[in-house]
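The block underneath contains the structure these notes are about, expressed in structure tokens.
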Amino acid sequence: MTEGEHKMEGRLIHKKSDNFINEYVDRFSITNMMNGPNHFVTIAMGRDVVEVVDELISDNGLAPHKDGFEVYRRNVASISIPVEAAEALANAILRQVRKEDQEVGEAEDEQG
């Protein structure tokens, strides 16, 4: 350990906030924001949805029609992160994706 480093020991308890979100998302939008001297990255996350609005009733039963669908993006969260934390998040995501790619490759090598 070098001078100025501190060893951390113990546990950090995680508690969910009252508005904690646990949702599947596969779409996102990112923008930069400034509030005085503070710089943030804002990430809106969601998923695209195709919803059946109505169907036509006929003697043959129910039938969808071209105007009976609604396509939209369901936004489930928007978070603002200080730039430094956003960079750390981006790096952590890249490390995790690379780790997953490596593990998948190793599993394929074992099978093949």
Side-chain angles (χ1 to χ4, degrees):
M1 194 175 306
T2 63
E3 185 178 331
E5 286 187 68
H6 302 283
K7 184 176 180 183
M8 291 184 62
E9 295 182 14
R11 295 172 47 186
L12 176 62
I13 304 298
H14 289 231
K15 294 188 177 187
K16 294 178 181 176
S17 70
D18 291 340
N19 57 351
F20 178 81
I21 301 166
N22 185 8
E23 287 269 357
Y24 171 79
V25 298
D26 61 1
R27 300 284 187 253
F28 60 90
S29 301
I30 299 177
T31 189
N32 293 323
M33 291 181 56
M34 290 177 50
N35 183 3
N38 302 315
H39 295 244
F40 299 91
V41 173
T42 298
I43 306 170
M45 296 170 280
R47 63 183 175 273
D48 293 347
V49 176
V50 178
E51 189 172 299
V52 177
V53 177
D54 66 3
E55 295 179 276
L56 299 175
I57 301 172
S58 71
D59 292 338
N60 296 328
L62 297 175
H65 60 99
K66 70 176 184 167
D67 296 325
F69 297 90
E70 185 176 352
V71 179
Y72 59 91
R73 176 149 309 155
R74 180 180 306 275
N75 292 315
V76 298
S78 180
I79 57 174
S80 294
I81 310 171
V83 170
E84 298 80 17
E87 288 177 16
L89 174 62
N91 289 328
I93 290 170
L94 286 172
R95 279 193 306 275
Q96 190 64 33
V97 168
R98 289 177 184 141
K99 179 181 173 186
E100 176 70 17
D101 288 345
Q102 181 180 359
E103 290 173 358
V104 168
E106 290 171 359
E108 288 173 351
D109 289 345
E110 290 175 7
Q111 293 175 0

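- In this structure, Arg47 and Glu23 have side chains that are in contact, with non-hydrogen atoms separated by less than 4.5 Å.
- No continuous path of hydrophobic side-chain contacts links Leu56 to Val50 [ILVMFWY only; heavy atoms under 4.5 Å].
- Within the 4.5 Å cutoff, the side chain of Glu70 has no heavy atoms near those of the Val49 side chain.
- Partners of Arg27 under the salt bridge (charged side-chain N to carboxylate O under 4.0 Å, His left out) rule, at least two apart in sequence or in another chain, are Asp48.
- The shortest distance between side-chain heavy atoms of Leu62 and Ile57 falls below 4.5 Å.
- Applying the side chain to side chain contact (heavy atoms under 4.5 Å, CB included) test between His39 and each of Met34, Glu84, Met33 identifies Met34 as the sole match.
- Closest non-hydrogen pair, Ile81 versus Ala86, comes out as CG2-N, 3.4 Å.
- Among all heavy-atom pairs drawn from His14 and Leu12, the shortest one is CD2-O, 3.2 Å.
- Residues Phe69 and Val52 meet the side-chain proximity criterion, which asks for heavy atoms closer than 4.5 Å.
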For His65 and Asp54, what are the C-alpha separation, side-chain angles and deciding distance, and is it a side-chain contact (heavy atoms from CB on, under 4.5 Å)? CA-CA 8 Å; His65 60 99; Asp54 66 3; 2.7 Å; yes
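- Taking all atoms of both residues into account, the shortest heavy-atom contact from Ile21 to Val76 is CD1-O, 3.3 Å.
- The minimum heavy-atom distance linking Arg73 with Ser29 is given by the pair NH1-OG, 4.4 Å.
- Under the 4.5 Å side-chain contact rule for hydrophobic residues, Val25 and Phe20 do not share a cluster.
- Within a 6.0 Å radius of CZ in Phe28, no more than 12 heavy atoms belonging to other residues, nucleotides or ligands are found.
- Within the 4.5 Å cutoff, the side chain of Thr42 has heavy atoms near those of the Ser78 side chain.
- In this structure, CD1 on Ile30 lies 9.5 Å from CE on Met45, to the nearest 0.5 angstrom.
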